[in-house]
Amino acid sequence: MAKKRIYEVAKEVGVDNKVVVQKAKDLGFDVKNHMSSIDDVQAAKLKSSFQNSAPAKKNNKIKISVSSIRKNEKKQENNNSSKKPRRRNNKRRQNNDRNRDNRNERGNNRANSGKPKAAALLQQFKQKQRAEEGQLNKEAQKAKKEYHEQLKHPKQEQPVKNNKKTNNDNNKKKSAPVEKKVIGPKILKPSPARLKQNQPSANERVAAKVTMPEAPKDDRRGNGHGRNTGKPGRKGKNQFFNGHSEHSDRSERKRRKNRKKQQEQKPKKQPTKRKERPLPEVLVYKEGMNAQDLGKLLHREPAEIVKKLFMLGVLTNQNQSLDKDTIELLAAEYGIDAKQKVHEDISDIDTLYNKRMEESKKSKNQVKRPPVVTIMGHVDHGKTTLLDRLRHTHVSAHEAGGITQKIGAYQVRLDNRLITFLDTPGHAAFSNMRARGAEITDIVVLVVAADDGVMPQTVEAIDHAKSANVPIIVAINKMDKPGANPQHVTEELMKYNLIPEDYGGDTIFVNISAKTGQNVDDLLQMILLQADVMELKANPTEMAIGTVIEARLSRGRGPVADVLIQQGTLNIGDPIVVGDTFGRVRTMTNDRGRQVKKATPSEPVEITGLNDVPESADKLVEFKDEKTARSVGEARAQQSLQKSREKVQHVTLDNLFDTMKKENMKEVDIVLKADVQGSVEALQQSLEKIEVEGVRVNIIHSGVGAINESDVTLAGASNAFIIGFNVRPTATAKSQAETDSVDIRLYSVIYKAIDDVTAAMKGMLEPTYEEKVIGNLTVRETWKVSKVGTIAGSFVDKGVVKNDSKIRVIRDGIVKYDGEIASLKRFKDDVKEVKQGNDCGLTIKDYNDIKVGDEFEVYEMQQVEPK
């Protein structure tokens, strides 16, 4: 069955597509738009519905375009506004309009041939429109005629001395045209275009100019040459119409009004009466203030201050800085006391740290905080093993050689209470790090091995704890070993004023075994007991302060610092200053490796977000805003740089000899890199302490992080070698070092690095030799042989004689000659050496005055190892 589109049906019926679509929807067909398809039955039904409907109803509505009516009106207006002398043109234009209308009517008749009613209505409307246009044209022509009559015959000004009759007549004449009503459109103001078309001739213009009244003198409109001729309604041209100017009067009134407003808005300025403010009781000043600054403090004019100073004999101006004596003299002149303002240096964070610490101790918001415990002791006495037992981890397994190489901080929970432990290295090189641990700690646990006793590092740890005024708890470790003797250890410790409580002292002693866990819980209980006695408290509501335990440079995270918060609470995003560095806390990680959002007192955390790696033991201070923190950090970095430059020792008469001695010394240039800042410091101090006569260590660069290309370049330029501690060179640095022949030494245990550097320093010294006597001989017989010289037959009394040894000839205890052995024979054979108790014959090079009874001292020069 064939199908048709809606638009095809609409074309056949002669109806709009939308109407057909709406009709199809009314009939219940499934159509959406003019492109929808219907079958033949539906199409026939749709067509029949349009044939049955009355077409007259649809065609009754006639749409007449408003724009076409306006166009016709405009044409009529243009035709009517034309001048009289151009009647022929007007007629021609009218004929053209009629012909055009006829053509339009014929076209409309052809278009609407099937619609007779619409054509008839349109014809009636047009006829009515023409009739109205004709009436309007007549009225417009009549009004224009009257307007031109007024322009041709303007009203003459009457003299003042006229009789009343003349005035009455004139009044009648004047009133006559005013009262007469004009039928038609009321023209308030002729447009410039109409005036241009209906302008009078030249003679008429001259007559109008003669009879036109003069413009008022106040009117400033014109062309600047006294001529106000031109078109009305234009700026600078003649604005007068019928003896007066509507625009000029309005503008003049507006001008007067504005002038009056300006005069009202400008009241007469009254002289300001300054209130006499009393002088302050005390003038708080800063040195370097000028007269303007002092005037603000004293509530006086700067000119008065300058005058006062002039009377006191001080010549100055308002902007010149004044010294302390001048300001105090001025205050005395005013009869008030002067007090210099104390300048608070915010870049001194050590003072700020101490100030906040004191304020927190006096605060009412203090709460209990966990104790901070430092574990100290000698190497291999079990400190890390004890901490490992407490944390249930294996810290020592990750340390090279089982030695702790950096400070660590950990927290242990016991009976729902926390204890913070600091693990300080026990090697002698890390004494500085142990000192830092003792400064920030509350309690020191001194670990001493029961089978080893008190060692040098044990004594050093005791001294650090006592200097920090920190209580000591002694943990005698390795009680599980067969040779354990805790009594001996106790007696040794009593020599250092560590007396047990059993003996009437105040030091807690606990016998433990870190390996088996024996009495470890008792040790923790004693730590908590000591903490309760000390009443450790902190204020968590204030801004945070703390101390850096360790710092390092991480490749992925940048500078990383392990800090211990001591007062306040540190949150993520807080601006901080740490030593000479600054930044905003980006991340915080606790000792278990978990991210935390805040750190409370006595909690160790690892923070990132600093602009550089701080030093160990640097103070951490939180500030209110990042701007202040940045300025303080930059100021501290500048001060640190200045101090490092000032460390250069200048030559004086006092240190001239030492300087010359140092300049003659050889130097071992070293580039030092380590994993953490504490290791860098410890290595640098240990290397600089190496004493080899004639050689000294010169650390030209030290830093944290991997060995990079710049380190290799610096070492190559300075003829130095690189020491890496727990770090590795990058791939490019390694290849560059091979190319430049730069020696890179990598270490994981600190004392191995120290030993290698010591050997290198000794190797740089020139060899030193020492005389060593190896044998003594007595001359028993001599033989003189031509071409050989004197042969001495001798007996070896002591030691040995070598053919390459040096020999001295001693006669009656006086050295006669010091030379070398020319030849050595045993019987007829040449030998290399002759030992004690044998005879030999020898000759001395370039010496023949040998006599029987002379003594020979045989010696050789042996190389001496440098100390």
So does A551 get a backbone contact from the side chain of Q677, meaning a donor-acceptor N/O pair under 3.5 Å? no
Counting distance only, does the side-chain N/O of K673 pair as donor-acceptor with the main-chain N or O of A706 below 3.5 Å? yes
Main-chain N/O of T374 paired to T441 side chain as donor or acceptor, under 3.5 Å: yes
Min side-chain heavy-atom separation I499-D506 under 4.5 Å: no
Are I750 and S679 packed together at the side-chain level, in the sense that at least one heavy-atom pair is separated by less than 4.5 angstrom? no
Say whether T608 and R557, considering side chains only, have a donor N or O and an acceptor N or O under 3.5 Å apart. no
Under the salt bridge (charged side-chain N to carboxylate O under 4.0 Å, His left out) rule, what do K481 and D451 come out as? Steps first, then yes or no, please. CA-CA 7 Å; K481 283 199 170 184; D451 60 339; 3.5 Å; yes
Per the side-chain contact (heavy atoms from CB on, under 4.5 Å) rule, which among I707, I699, I722, I744 passes with V671? I722
Can you find a side-chain donor-acceptor pair between T600 and E603 that sits under 3.5 Å? yes
Contact between V621 and V632 at the side-chain level, heavy atoms closer than 4.5 Å - yes or no? no
Residues in salt bridge (Lys or Arg N to Asp or Glu O under 4.0 Å) with E626, at least two apart? R584
Are the side chain of D415 and the backbone N or O of R417 linked by a donor-acceptor pair below 3.5 Å? no
Quick one: salt bridge (Lys or Arg N to Asp or Glu O under 4.0 Å) partners of K597, sequence neighbours excluded? none
Would you say S640 and D580 are linked by a side-chain donor-acceptor pair, where the criterion is simply a distance under 3.5 Å? yes
May I ask you to decide whether R636 forms a salt bridge with D618, counting only side-chain N to carboxylate O separations under 4.0 Å? no
Could you check D756 against Y747 for side chain to side chain contact (heavy atoms under 4.5 Å, CB included), going step by step and ending with a plain yes or no? CA-CA 10 Å; D756 286 357; Y747 301 95; 2.7 Å; yes
Donor-acceptor pair, E492 side chain versus V454 backbone, under 3.5 Å? yes
Just by modelled atom types, is the D350 backbone N or O under 3.5 Å from a matching donor or acceptor in the N354 side chain? yes
Test item: V742 and F721 side chains (from C-beta on) under 4.5 Å apart, heavy atoms: no
Please evaluate residues L446 and Y496 with respect to the criterion side chain to side chain contact (heavy atoms under 4.5 Å, CB included), reporting the C-alpha separation (whole Å), side-chain torsions for both, the decisive distance (0.1 Å), and the verdict. CA-CA 13 Å; L446 183 65; Y496 301 97; over 6 Å; no
Any heavy-atom pair between the side chains of P370 and I419 that's under 4.5 Å? no
Around Q595, counting heavy atoms of other residues, nucleotides and ligands shown, do more than 12 lie under 6.0 Å from its CD? yes
Crowded around K466 NZ? As in, over 12 foreign heavy atoms under 6.0 Å? yes
Taking the side chain from D442 and the backbone from A531, do they hold a donor-acceptor pair closer than 3.5 Å? no
Quick one: are M534 and P371 in side-chain contact, heavy atoms under 4.5 Å? no
Evaluate whether atom CG of D625 has more than 12 neighbouring non-hydrogen atoms of other residues, nucleotides or ligands under 6.0 angstrom away. yes
Any donor-acceptor pair under 3.5 Å from N519 side chain to N511 backbone: yes
Do E359 and N539 pair up side chain to side chain, a donor and an acceptor below 3.5 Å, judged on atom types alone? no
Minimum side-chain heavy-atom gap K368-D532 below 4.5 Å: yes
Quick one: does Q518's side chain get under 4.5 Å of M479's, heavy atoms only? yes
